Amino acid sequence: MGRRETMRVKCLRISVTDRCNLRCVYCRPPDDCDFINQNEILTFEEIHRIVRLFADCGIDRVRLTGGEPLVRRNMTSLIARLAAIKDIKELTLTTNGVWLQPMADKLKAAGLDRVNISVDSLEAENYKQITGCDVLSRVVDGIHKAIEVGLQPVKVNAVILRGINHSQIPALAGMSIDLPVTVRFIEYCPTNKNTHPANDYMPYSEIRNVIERAFGPLSNAAIGRSSGPALYFKIKDSAGAIGFIAGRSTTFCRSCNRIRLTSDGKIKPCLYSAHTYDLKRLIRSRASDRQMRDLLKRIISEKGNYTKLSSLKEEFSMCKVGG
Ligand code: SAM
């Protein structure tokens, strides 16, 4: 079977800002103040138009990310506009959770379906060491609020760094026993020479061993319509589930069904590829819907040409591309 036949691009991941209120050691170095100029960032009208046209081309899932999406002003109005696009079946958001508790009700009312919340430690000092901020209790409140208002299933994302937060693996996995959340362990991918060194990496197999030593064997679990690249399991008798995103120790190009739109309007068909398409330039040169749609269809059909294995690698910053 050809590579292209195995993938159907269904999911558009949009970075709505490159700004963030945290400084996670593996994501953005503390001295990185190299922000994209505000007038280079896509407006809500431009994002709405791109999503509407992508929906015409078969995309039916949209994830809003960043930077931190909840630091962009009036996010609820963007969510309401995107939720009203008929063919978009699922609208989700990835957040660090710092502003989630006060915003969850409004996000839900605007039409958001669910959230992924990043939390790499449940120990306050350790959390601060990783993110640079003393806000763990706000994030935990955000997780509870998301469950309460029905932004479900809530997924909790944790990047594990050896020697920094690997001792938190049992506590993080244990959240899935009592709470109806899926705790996903993400392998650290070195993306930028200024972030944490590559030898902090802990592979999926080792993380899984730690969890099984603490809680016994994991059983397979199927989650949602399409789990994409994540593998899902359950601890016995747990309310939630455990997931692994092994982006480094495995290659999941064949199950990758997403493309990314950066906050300054570039389509990145593969996270690891240096190749981008400049949609903002096209929009701002007054391209018609038909011209735009033609390009989007081409991007989707060419997606299989850009894979981790064949791509020209480049350094990038996850907070700019949108993790
Ligand atoms: N601010 C939001 C958040 O914290 O979830 C959204 C943006 S953040 C870039 C999205 C996801 O990318 C987070 O789950 C984060 O842990 C993950 N991420 C960032 N840098 C990473 C890296 N070098 N390796 C693996 N995952 C990374």
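Counting starts at 1 for both ligands and their atoms, in listed order. As the structure is a prediction and not an experimental result, all values here were calculated from the model.
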Number the atoms of ligand 1 from 1 as they appear, then name those within less than 4.0 Å of a heavy atom of [X], with their elements.
X      : answer
Tyr188 : 23 (N), 24 (N)
Glu187 : 25 (C)
Asn157 : 14 (O)

Open item on the list: So, regarding Asp120 and ligand 1 (criterion: nitrogen or oxygen to nitrogen or oxygen, under 3.5 Å), is there a contact or not?
Closed with: no

Open item on the list: Are any of the N/O atoms on Glu68, whether in the backbone or the side chain, positioned under 3.5 angstrom from an N/O atom of ligand 1?
Closed with: yes

- [ ] Could you tell me whether ligand 1 has any atom less than 4.0 Å away from a heavy atom of Gly67?
- [x] yes

Open item on the list: Counting C-beta onward and ignoring hydrogens, is there a side-chain heavy-atom pair between Met103 and Thr95 closer than 4.5 Å?
Closed with: no

- [ ] Could you tell me whether Asp264 and Lys266 make a salt bridge, using a distance below 4.0 angstrom between a side-chain N and a carboxylate O?
- [x] yes

TODO: Determine, for Lys145 against Asp105, whether the closest basic-nitrogen to carboxylate-oxygen distance falls under 4.0 angstrom.
DONE: yes

Open item on the list: Can you check which of Cys189, Ser118, Pro69, Cys27 brings a heavy atom nearest to atom 22 (C) of ligand 1?
Closed with: Cys189

Heavy-atom distances under 4.0 Å decide this one: backbone, side chain, both or neither, for [X] against ligand 1?
X     : answer
Thr95 : backbone
Thr65 : side chain
Thr94 : both

Open item on the list: Going by side chain to side chain donor-acceptor pair (under 3.5 Å), Glu68 matches just one of Asn96, Thr94, Asn21, Thr17. Which one?
Closed with: Asn96

- [ ] Would you name the heavy atoms of Arg19 and Ile36 that are closest together and state the gap between them?
- [x] NH2-O, 3.4 Å

- [ ] Quickly, which of Phe215, Phe185, Phe244 forms a ring-ring contact (aromatic ring centres under 6.0 Å, His included) with Phe233? Name it, please.
- [x] Phe244

Do any side-chain atoms of residues 128-137 form donor-acceptor pairs under 3.5 angstrom with protein atoms, and if so which ones, sequence neighbours left out?
residue : atom : partner : partner atom : Å
Gln129  : OE1  : Asn126  : ND2          : 3.1
Thr131  : OG1  : Tyr127  : O            : 2.9
Thr131  : OG1  : Cys133  : N            : 3.2
Thr131  : OG1  : Cys133  : O            : 3.2

